Amino acid sequence: MEKMWAGRFVKALDKEADDFNSSISFDCKMYKQDITGSLAHASMLSKCGIITKSECETISDGLCSILDDLTSGKLEIDLDAEDIHMFVEAELTKRIGEVGKKLHTARSRNDQVALDIRMYLRDEIDEIISLLRKLIGAILTQAKNGKGLIMPGYTHLQRAQPLTFAHHLLAYGMMFTRDIGRLSDCKKRMNYSPLGSCALAGTTYPTDRLYTAEKLGFDGICENSIDGVSDRDFAVELLSACSLIMTHLSRFSEEIILWSSWEFKFVELDDSYTTGSSIMPQKKNPDMAELVRGKTGRVYGDLMGLLTVLKGIPLAYNKDMQEDKESVFDATDTVKKCLSVFAPMIETMKPIPENMYKAAQKGFINATDLADYLVVKGLPFRSAYKIVGQLVAHCIDLGTVLDELPIEEYKKYDPNFDSDLYEAISLETCVMKRNSLGGCGEESFERQVKYIEQYLA
Ligand code: ARG
């Protein structure tokens with residue numbers, strides 16, 4: 001296929017260089033956005049008297065027929081084309097003749113590609129947000145069912161204080177809620193139209209950028225044409241939001257993997273989200289969670305990749321920027337795939353309350369509450385803390401736990417101990433009484449659920 005820009009050259013582009021230069025194999029993803037942008041551009045050209053009304057109609061009909069044919073599969077994308085922009089323009093001229101050559105008036109591929117990618121990514125953001133909402137929905141369902149389930153809370157992966165399964169899950173609910181916020185913020189800054197920036201310096205034609213911006217659903221225009229064509233901040237912001245989503249999914253995955261191991265057995269994953277082994281008949285592996293944890297690496301890579309591409313390029317457009325697409329496509333596709341399996345995996349996961357409870361009974365998980373008991377009786381916290389430390393050591397020597405140590409033993413350490421201590425350090429009391437704002441108690445649970453539900457509404 002002859003290049004549109006062939007006029008200036010004596011020789012054709014080397015075949016391998018041509019392949020190297022081409023982006024159509026991946027930017028074909030943006031054909032809808034490209035055609036939608038062109039329709040708005042043609043309409044603006046006609047409105048401003050740069051092309052006639054009838055030329056605009058011919059161009060628009062041609063573009064719509066290309067869009068229909070691509071969508072239905074009747075037209076295949078020609079992988080010999082340099083990129084999606086060149087492909088659509090060439091196809092248009094093939095279909096409607098000379099007038100097709102007027103479409104690119106007062107436009108450059110530089111503002112065209114910047115437009116397409118913003119339009120593509122703002123749709124991706126909407127899809128990711130809706131997947132996040134589903135995941136949060138699954139978390140809320142599990143949390144409501146697991147409201148009274150007591151499990152150990154950990155710090156340093158050592159049993160620390162008892163809490164509820166619901167409280168632990170809602171922590172992830174909060175993270176994903178923030179992820180939605182971050183994506184929405186990112187979309188706000190992304191939603192400015194670069195169209196009409198042209199190659200880099202604007203144009204002498206009497207164009208109307210505000211018209212196309214409004215027609216395409218943007219909140220305004222990129223105010224500086226150089227910035228319009230060379231800004232990819234929005235892509236970096238999105239990759240960074242995607243990276244954090246993956247961080248959250250990966251931490252959650254790690255816990256699912258631990259929880260479903262025989263060492264913990266706090267949950268059982270549904271068969272439909274686990275796999276077997278080719279040699280060990282007993283295995284039931286949490287592959288989905290492991291893959292999500294693994295795929296986090298590639299999304300971080302996409303972010304680092306794009307930042308590195310951008311750091312050294314002078315204004316305005318440089319071909320380096322063609323490298324932006326594979327990063328953002330890979331990251332958004334990966335995040336969407338991960339969320340699509342993660343949400344139903346969480347929804348169908350079965351908690352095993354006995355095992356959680358048993359684990360919470362060991363490890364002196366109520367030691368803080370015993371110290372608090374003495375504080376209520378009048379001791380300063382630091383003194384109470386010291387006494388309980390000695391009691392824990394004593395229990396370890398005797399091979400017992402705080403709940404089973406006789407009251408006479410307690411009294412040897414401090415006269416304030418009384419038999420009401422057992423009630424004060426029962427797991428149920430420890431958990432349900434933690435009603436400080438944001439704590440693991442019942443009232444706090446209701447407040448957290450309300451917060452998330454209101455956020456989603
Ligand atoms: N395929 C190119 C990209 O993705 C389109 C813009 C090309 N512009 C140019 N001046 N060569 O960046």
Side-chain angles (χ1 to χ4, degrees), residues 1-9 12-38 40-41 66 70 77-93 101 103-124 190 193-203 212 216 222 224-236 238-239 302 305-333:
M1 187 199 278
E2 194 190 60
K3 298 288 181 206
M4 270 175 203
W5 36 257
R8 191 233 173 275
F9 295 82
L13 183 61
D14 169 79
K15 171 78 183 90
E16 232 170 281
D18 194 9
D19 287 346
F20 183 65
N21 190 48
S22 168
S23 54
I24 188 119
S25 61
F26 48 89
D27 65 19
C28 58
K29 257 179 181 300
M30 309 189 299
Y31 76 86
K32 260 188 216 130
Q33 290 76 14
D34 195 71
I35 294 175
T36 310
S38 288
H41 181 65
I66 296 174
L70 282 173
I77 287 183
D78 176 6
L79 293 177
D80 282 340
E82 190 174 317
D83 54 33
I84 189 64
H85 327 294
M86 293 289 211
F87 169 76
V88 172
E89 196 186 325
E91 181 64 28
L92 180 68
T93 304
K101 298 183 181 172
L103 174 62
H104 210 54
T105 314
R107 186 177 71 172
S108 154
R109 272 187 298 161
N110 299 348
D111 56 342
Q112 194 177 352
V113 72
L115 174 78
D116 292 2
I117 191 142
R118 282 177 193 246
M119 286 170 54
Y120 181 88
L121 292 181
R122 69 183 182 186
D123 290 349
E124 290 293 284
M190 180 185 291
S193 171
L195 186 61
S197 298
C198 304
L200 75 163
T203 180
T212 44
L216 294 169
C222 302
N224 177 299
S225 61
I226 299 183
D227 187 44
V229 292
S230 58
D231 169 34
R232 293 293 183 272
D233 291 0
F234 58 89
V236 173
L238 176 55
L239 285 174
D302 292 327
L306 184 59
L307 280 170
T308 313
V309 165
L310 294 174
K311 74 176 267 294
I313 48 182
L315 301 178
Y317 179 84
N318 298 266
K319 191 75 172 199
D320 317 41
M321 291 166 78
Q322 180 165 288
E323 287 292 310
D324 61 354
K325 278 165 234 51
E326 282 165 295
S327 301
V328 285
F329 294 164
D330 180 67
T332 51
D333 288 346

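We use all heavy atoms of the structure for the numbers below, so side chains are in, but hydrogens, waters and symmetry mates are not. One is the number of the first residue; the rest follow in order along the sequence. Keep in mind that what you see is a predicted model, and the values were worked out from it rather than measured. Atoms within a ligand are numbered from 1 in the order they appear, just like the ligands themselves.
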Pairwise side-chain contact, Leu103 with Val88, heavy-atom cut-off 4.5 Å (strictly under): no
Got a salt bridge between Arg109 and Glu89, using NZ or NE/NH1/NH2 to carboxylate O under 4.0 Å? no
Sidechain N-carboxylate O distance under 4.0 Å for Asp231, Arg118: yes
Is the distance between the ring centroids of Tyr120 and Phe329 under 6.0 Å? yes
Nearest non-hydrogen partners of Val229 and Ala316, listed with the distance: CG2-CB, 3.8 Å
Any carboxylate oxygen within less than 4.0 angstrom of a Lys/Arg side-chain nitrogen, looking at Lys29 and Asp333? yes
For ligand 1, give me the residues whose heavy-atom distance to it is below 4.0 Å, by chain and number please. Ser23, Asp27, Asp83, His85, Arg109, Asn110, Val113, Tyr317, Gln322, Lys325
